[in-house]
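Presented below is the structure to which this report refers.
If you read the sequence from its start, that first residue is 1, and numbering goes on from there. Side chains are part of it too, since the values below use all heavy atoms of this structure and drop only hydrogens, waters and symmetry mates.
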Amino acid sequence: MYTINENLIIRNIDSKYVIINMETGEITTFDGTGNVFFEFLYKLKDKTKMYEYLLKKYDVGEEQLQEDITEFLKTLLEKNIVQYMEDNA
């Protein structure tokens with residue numbers, strides 16, 4: 001499960017997520033598909049549900065979508081926007 005870093009200011013402005021990391025001062029923005037990816041993580045924190053929804057919504061192959069999501073999550077982890085936590089349930 002992915003959790004959003006608590007030291008962020010997150011706003012949706014003109015259909016674009018603007019994220020300010022209060023620890024580093026770094027500003028990150030997402031629009032388009034990145035906006036959809038981030039919204040799923042921000043609200044649901046569930047990569048599987050995001051994958052299933054996007055596979056139905058967009059004309060994209062499973063492998064390509066998986067690669068896109070993995071790359072997006074890698075970027076979020078590198079920017080310390082999200083952390084990955086093992087689900088021990």
Side-chain angles (χ1 to χ4, degrees):
M1 175 170 62
Y2 291 88
T3 60
I4 304 294
N5 181 342
E6 293 180 2
N7 295 313
L8 303 175
I9 295 174
I10 301 170
R11 299 288 184 265
N12 191 319
I13 302 170
D14 293 329
S15 300
K16 181 187 296 186
Y17 272 102
V18 177
I19 301 162
I20 303 170
N21 185 321
M22 297 305 292
E23 293 173 343
T24 65
E26 183 174 7
I27 298 172
T28 305
T29 61
F30 298 115
D31 56 8
T33 307
N35 209 36
V36 175
F37 285 5
F38 184 75
E39 188 158 12
F40 260 89
L41 287 177
Y42 185 49
K43 293 183 178 178
L44 298 176
K45 300 171 182 69
D46 190 320
K47 180 182 170 184
T48 302
K49 287 180 184 174
M50 174 175 52
Y51 175 78
E52 291 169 355
Y53 171 81
L54 293 171
L55 196 57
K56 290 177 188 175
K57 183 170 175 77
Y58 295 103
D59 183 25
V60 64
E62 291 182 33
E63 192 172 306
Q64 181 63 52
L65 180 59
Q66 191 63 45
E67 287 175 18
D68 291 348
I69 291 172
T70 299
E71 190 62 33
F72 185 75
L73 291 172
K74 180 179 169 187
T75 299
L76 294 180
L77 288 165
E78 288 171 354
K79 292 180 173 276
N80 197 29
I81 293 172
V82 298
Q83 294 100 17
Y84 180 77
M85 300 184 68
E86 293 289 331
D87 188 8
N88 295 326

Could I get the full list of side chain to side chain donor-acceptor pair (under 3.5 Å) partners for Asn5, not counting sequence neighbours?
none
Between CD1 on residue Ile69 and OH on residue Tyr51, distance to nearest 0.5 Å:
7.5 Å
All ring-ring contact (aromatic ring centres under 6.0 Å, His included) counterparts of Tyr53, not counting sequence neighbours
Phe40
ring-ring contact (aromatic ring centres under 6.0 Å, His included) partners of Phe37, counting only residues at least two apart
Phe72
Between Leu55 and Val60, the two heavy atoms sitting closest are CD1-O, 3.7 Å
Is there a chain of hydrophobic side chains (I, L, V, M, F, W, Y, each step under 4.5 Å between heavy atoms) that links Val82 to Met22?
no
Yes or no on side chain to side chain contact (heavy atoms under 4.5 Å, CB included) for Ile81 and Thr28, after CA distance, side-chain angles and deciding distance?
CA-CA 9 Å; Ile81 293 172; Thr28 305; 3.9 Å; yes
Qualifying salt bridge (Lys or Arg N to Asp or Glu O under 4.0 Å) pairs with a residue from residues 50-63, counting only residues at least two apart or across chains
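Pairs touching residues 50-63 that pass the test: none.
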Which pairs with one or both residues in residues 67-79 pass side chain to side chain donor-acceptor pair (under 3.5 Å), sequence neighbours excluded?
Glu26-Lys79, Gln64-Asp68
Does the side chain of Asn21 come within less than 4.5 Å of Asn80's, by heavy atoms?
yes
Would you mind reporting whether Phe38 and Ile4 have side-chain heavy atoms less than 4.5 Å apart?
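Contact flag for Ile4/Phe38 side chains = yes.
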Show me the donor-acceptor pairs, under 3.5 Å and distance only, between side chains in residues 8-20 and residues at least two apart or in other chains.
from: Asn12; atom 1: OD1; to: Ser15; atom 2: N; distance (Å): 3.4
from: Asn12; atom 1: OD1; to: Lys16; atom 2: N; distance (Å): 3.3

